[in-house]
Amino acid sequence: MGVSMRSERRTSLAVSTRVKMLGWGVGVALLTLGLCSATTGTARAVAETDEKPAASHQSDQPKQSDQLSESQKSSIVRNCAAIKQSLEQLQRVDSKTRTYLGTTYETIANKFITPLNIRLVKNNLPTLSTIQTDFMAGQTNFRNDYTTYMRELEGLIATDCQNNPGGFYTQLITVREKRAQLRSAALELMKLTTDQYKAVEKLKKEL
Amino acid sequence: MLTTRGGKNLAILGIGAILLASCTTGISLLIYRNSGDIYLDRSRPGYLPDEEEVTEESDVNTTYSFPDTGELSADELAEYLQELKVLTEHLADSADSYSPDPLSDESLGITSELKED
């Protein structure tokens with residue numbers, strides 16, 4: 001009698017332990033799934049926010065893609081593979097250029113502009129702080145513009161040009177706009193570097 | 001009995017660990033992608049720098065650094081200008097790297113016959 005009660009208690013303990021373990025397992029799984037979906041939701045929201053300007057551009061775009069002639073559409077469909085290959089190659093070249101330009105901008109900011117301003121402060125001379133501030137802001141713009149451009153370019157490569165030439169052309173127009181923004185950011189940094197050069201030349205003459 | 005229960009628990013632990021690892025990896029990849037870091041990462045396959053590029057980069061990465069202490073002299077500024085000029089020239093050479101040409105209709109082989117309005 002006593003033995004059977006003990007074995008029953010053991011069995012019930014084993015069952016409750018299993019239930020608890022299962023509960024923990026399900027709990028952890030649900031928690032991780034919840035975290036995943038929450039992050040995905042946030043990411044989607046971020047992506048949507050990022051895409052808003054592009055979407056607003058796209059509201060104007062259909063007019064341009066509507067103007068796409070039949071010969072243009074057919075040439076997109078016909079050269080789809082070649083176009084995609086060119087775009088993928090361009091993506092790689094642009095990535096290399098960004099590294100090259102990014103390294104140069106970092107060198108200019110950290111080895112030229114900043115140390116000179118520190119030196120000018122220590123020597124009680126007027127600083128070139130405006131150029132420094134603008135250069136830092138320009139670097140941030142360049143980085144952001146590059147990321148936006150690359151995201152759009154990736155979207156363009158992912159667009160099905162075989163079945164949707166109109167959509168592909170609309171996305172191509174967006175990518176062109178983003179590339180133009182990136183170009184102007186790079187040219188702005190180039191201008192600031194030239195400004196720094198001229199300002200130091202002037203400073204040298206004054207010394 | 002004990003072996004069976006241990007086996008089940010081990011299985012639950014294993015599945016839980018796999019789920020957790022998959023989810024955290026997924027979250028990391030999402031952040032990596034959405035932050036834009038993926039586009040700045042040159043260690044991805046197909047984006048690794050080639051040998052020529054490494055030489056070019058070492059040309060740009062000057063060892064010169066303007067000292068931030070001491071009295072400022074015209075000679076030092078002359079050296080500064082000389083070193084800065086090299087970088088400015090490098091930048092001027094690649095100023096139009098993001099020109100619109102590679103994305104033009106002609107470059108992509110899209111016939112540019114527009115609809116007549």
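Scope of the values below: all heavy atoms of this structure, side chains included, with no hydrogens, waters or symmetry mates. The sequence lines fix the lettering, A, B, ..., with proteins before strands; numbering per chain opens at 1.
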Quiz prompt | Rounded distance [0.5 Å steps], CG in B:N34 versus CG in B:L29 | solution =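 With rounding to 0.5 Å, CG (B:N34) is 10.5 Å from CG (B:L29).
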Exercise. Check each atom of B:E71 against the heavy atoms of chain A and say whether the ones under 4.5 Å are side chain, backbone, both or neither.
Key: both
Quiz prompt | chain A contact via B:S35 - which portion, at a heavy-atom distance below 4.5 Å | solution = backbone
Quiz item: Are side-chain N/O atoms of A:Y149 and A:R179 paired as donor and acceptor at under 3.5 Å?
Solution: yes
Quiz item: Between A:E154 and B:Y39, is any side-chain donor less than 3.5 angstrom from a side-chain acceptor?
Solution: yes
Self-check item: side chain to side chain contact (heavy atoms under 4.5 Å, CB included) partner of A:E106, chosen from A:N110, A:T103, A:I108, A:T104
Solution: A:N110
Where on [X] is there a heavy atom nearer than 4.5 Å to chain B: the side chain, the backbone, both, or neither?
{"X": "A:D94", "value": "both"}
{"X": "A:V93", "value": "neither"}
{"X": "A:Q91", "value": "both"}
{"X": "A:L203", "value": "both"}

So which of [options] has the biggest tally of heavy-atom pairs under 4.5 Å with chain B?
{"options": "A:N123, A:I83, A:T194", "result": "A:N123"}
{"options": "A:T147, A:L125, A:N79", "result": "A:T147"}
{"options": "A:E201, A:K205, A:R98", "result": "A:R98"}

Going by heavy atoms in the side chains, are [X] and [Y] under 4.5 Å from each other?
{"X": "A:F135", "Y": "A:L189", "value": "yes"}
{"X": "A:Y197", "Y": "B:K85", "value": "yes"}
{"X": "A:Y169", "Y": "B:I110", "value": "yes"}

Quiz item: What residue, out of B:S73, B:S107, B:S99, has the most heavy-atom pairs lying under 4.5 Å from chain A?
Solution: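 Ranked by heavy-atom pairs under 4.5 Å with chain A, first place is B:S99.
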Quiz prompt | Salt bridge present between A:K178 and A:D145 (N-O < 4.0 angstrom) | solution =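 No salt bridge links A:K178 with A:D145.
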Quiz prompt | Residues B:D105 and A:R176 bridged, charged N to O under 4.0 Å | solution = yes
Quiz item: Has the side chain of A:K204 got a donor or acceptor atom that lies under 3.5 Å from a matching backbone atom of B:A74?
Solution: no
Quiz item: Is there a donor-acceptor contact under 3.5 Å from the side chain of A:K111 to the main chain of B:T63?
Solution: no
Practice problem: Using heavy atoms and a sub-4.5 Å threshold, report which of residues 112-122 of chain A line up against chain B, by residue number. | Solution: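 Residues of residues 112-122 of chain A touching chain B at under 4.5 Å: A:F112, A:I113, A:P115, A:L116, A:I118, A:R119, A:L120, A:K122.
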